[in-house]
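Okay, structure first, notes after.
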Amino acid sequence: MHEFYKKALVGCFGLIAACVVLGYICIRQSYFQVSLLPAADSPLAWKGEQSWDTRPGGKATMHLYEAAQRLRFDFRIAKTDEGFAGAELGFKDAKGQPVHLDLSRYSSISLLVKCSPANTLVLSIPTFVGRRSDQQEFLGYRSPLSYFSCDENESRVELDLTRLETPQWWYILKQQALSEHAYKLDKVPKIAIGSTPQSPREVSLEVEIRELNLKGRDRRYLVLFGVLLIVVWSGFGVWFFRQHAQAVIGDVKVKLQKDMPFVAYQQLSLEPHRDKEKTSILQFIASHYAEAELDLDRVVEETGVNRNKVYEILKTEFGYTFSGYLNKLRLTEAARLLAEKDTATVAEIAYLVGYANVSYFNKLFKEEYGCTPKAFRSACPVAEV
């Protein structure tokens, strides 16, 4: 059994290590991202545009610089101006025509940004809303947004796309209840970044964005990992119980071979012994072991051999105390009866070999053979007791 448990322990640790590595790989694979900036790395075609407020006749002035590695724009808003100045990344198809993209699989957006001077900006993602929107008029698009701050030191900003806020003016414009805050980013024409009411006025402001990434989770890898865990550990469990049964059977064989001298206790009364005291002790115990009330005092009384001599004989001959030797005889006989008497219950066999307490018998039997009497009986045909 020791070798089996050693092998099982090694296998368990090996599986744990493999599961940790596999889990790490699956978790890493479950995260994915799409780069919009730098433009050369982006699988999504887009074109930088000025916001509609900054076009000719708009309420703010700005200039947009486009480059392969970064997006930079500067703007200036008058003191009394409530307009919006910013840049828009308008999505295009292969022919350069405006297109709506499904961004619902992404959960966050990350950007490297710096502003001069310090500023509070907004990122908004207009999305088409069925009958409430007109594809020719972006004002009717729902525009969930989030605010962030930046300064002269480039910093990374990450915004949760699942918790954007819809501006109140849109609810009023569309006569929609403020409680209807759920939205879907499944038809997005552009991403806009620009000024807020807290942006400085009458000052030339510059914004530079060097990285812009959409991030998401593909939970199918986590599901796959969970399924693999179930399959692998279920397989290990099946292997463990089958091999454990085989190990128990092997262990039983070894124990039964060692116990053969005790199985032959019936011959003790027939075999002559030079030592009359030893003969009388072994014969008496062999004849009366099945009596529940048998104890050392009775052996001493019936054989006329003193306690110390009984102890010495049993210790020298078998290496047991009186109680250890008696239990060994009883348990060995119980093992034989379990193998031979299929119809006898465990309780009946316990009584037959001298145990009045079945629970105590089960405890001693398991300590001796490493399994319960019922499990031993199942292994007996294979063990060839």
Side-chain angles (χ1 to χ4, degrees), residues 32-37 39 42-60 62 64 66 71 73 82-111 121-148 157-197 207 209 212-219:
F32 62 90
Q33 74 174 31
V34 170
S35 297
L36 296 176
L37 276 174
S42 177
L44 305 179
W46 57 270
K47 181 179 179 182
E49 301 172 344
Q50 297 182 16
S51 68
W52 62 275
D53 263 2
T54 58
R55 290 170 181 165
K59 301 177 179 179
M62 73 166 289
L64 175 66
E66 241 183 289
L71 180 67
F73 59 93
E82 297 181 358
F84 173 83
E88 301 174 350
L89 281 68
F91 298 118
K92 307 294 180 181
D93 60 16
K95 298 180 180 180
Q97 298 300 311
V99 66
H100 290 75
L101 295 185
D102 183 1
L103 303 184
S104 58
R105 63 196 298 255
Y106 303 104
S107 58
S108 65
I109 186 168
S110 172
L111 56 155
L121 300 178
V122 64
L123 182 144
S124 64
I125 305 181
T127 183
F128 184 79
V129 187
R131 298 178 181 178
R132 289 188 172 92
S133 302
D134 181 353
Q135 293 193 17
Q136 305 303 319
E137 180 54 68
F138 284 122
L139 190 63
Y141 280 54
R142 184 170 190 147
S143 300
L145 53 82
S146 183
Y147 298 97
F148 63 93
V157 174
E158 187 151 348
L159 304 174
D160 189 343
L161 295 181
T162 66
R163 296 186 178 183
L164 301 177
E165 300 177 8
T166 301
Q168 187 173 353
W169 61 261
W170 188 84
Y171 290 100
I172 297 173
L173 180 66
K174 295 301 177 180
Q175 298 181 349
Q176 185 169 340
L178 293 173
S179 59
E180 298 180 15
H181 49 74
Y183 60 87
K184 292 182 179 180
L185 302 180
D186 56 347
K187 294 181 179 180
V188 176
K190 60 183 178 180
I191 296 176
I193 301 173
S195 65
T196 68
V207 177
I209 301 171
L212 186 62
N213 301 315
L214 292 167
K215 299 181 178 181
R217 296 289 304 270
D218 187 348
R219 302 190 182 278

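The figures here come from the full heavy-atom set of this structure, side chains too, leaving out hydrogens, waters and symmetry mates.
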Considering non-hydrogen atoms only, spot the tightest contact between [X] and [Y] and give its length.
X: Pro167; Y: Ser143; answer: CD-O, 3.2 Å
X: Leu64; Y: Gly48; answer: CD2-C, 3.5 Å
X: Phe148; Y: Leu111; answer: CZ-CD1, 4.1 Å
X: Lys190; Y: Phe91; answer: N-CD1, 3.8 Å

Using 0.5 Å steps for rounding, measure from the [atom1] atom of [X] to the [atom2] atom of [Y].
X: Ser179; Y: Tyr171; atom1: OG; atom2: OH; answer: 8.0 Å
X: Lys174; Y: Trp169; atom1: NZ; atom2: CH2; answer: 8.5 Å
X: Leu44; Y: Leu103; atom1: CG; atom2: CG; answer: 7.5 Å
X: Leu178; Y: Thr166; atom1: CG; atom2: OG1; answer: 10.0 Å

(message) With side chain to side chain contact (heavy atoms under 4.5 Å, CB included) as the criterion, how do Leu161 and Leu214 come out once you've worked through the C-alpha distance, each side chain's angles and the decisive distance to 0.1 Å?
(response) CA-CA 9 Å; Leu161 295 181; Leu214 292 167; 4.1 Å; yes

(message) So does Ala85 get a backbone contact from the side chain of Ser195, meaning a donor-acceptor N/O pair under 3.5 Å?
(response) yes

(message) Check whether Tyr183 reaches the backbone of Val129 with its side chain - one donor and one acceptor, N or O, closer than 3.5 Å.
(response) no

Min side-chain heavy-atom separation [X]-[Y] under 4.5 Å:
X: Asp102; Y: Val188; result: no
X: Glu88; Y: Gln50; result: no
X: Leu89; Y: Leu212; result: yes

(message) Are Tyr141 and His100, when compared by the centres of their aromatic rings, separated by less than 6.0 Å?
(response) yes

(message) Can you confirm whether more than 12 heavy atoms, excluding those of Glu165, are under 6.0 Å from its CD atom?
(response) no

(message) Looking at Lys92, I'd like to know if its NZ atom is crowded, meaning that more than 12 non-hydrogen atoms belonging to other residues, nucleotides or ligands lie closer than 6.0 Å.
(response) yes

(message) The test is side chain to side chain contact (heavy atoms under 4.5 Å, CB included); show your working for Leu145 and Tyr147 and say whether it passes.
(response) CA-CA 7 Å; Leu145 53 82; Tyr147 298 97; 3.6 Å; yes

Excluding sequence neighbours, so at least two apart, what forms side-chain contact (heavy atoms from CB on, under 4.5 Å) with [X]?
X: Gln33; answer: Ser35, Asn213, Lys215
X: Ile172; answer: Gln168
X: Ser146; answer: Leu159, Leu164

(request) Step by step, work out the side chain to side chain contact (heavy atoms under 4.5 Å, CB included) result for Ile191 and Trp46. (result) CA-CA 10 Å; Ile191 296 176; Trp46 57 270; over 6 Å; no

(request) Check step by step if side chain to side chain contact (heavy atoms under 4.5 Å, CB included) holds for Val122 and Ile193. (result) CA-CA 6 Å; Val122 64; Ile193 301 173; over 6 Å; no

(request) Indicate whether any N or O donor in one side chain lies under 3.5 Å from an N or O acceptor in the other, for Arg142 and Thr127. (result) no

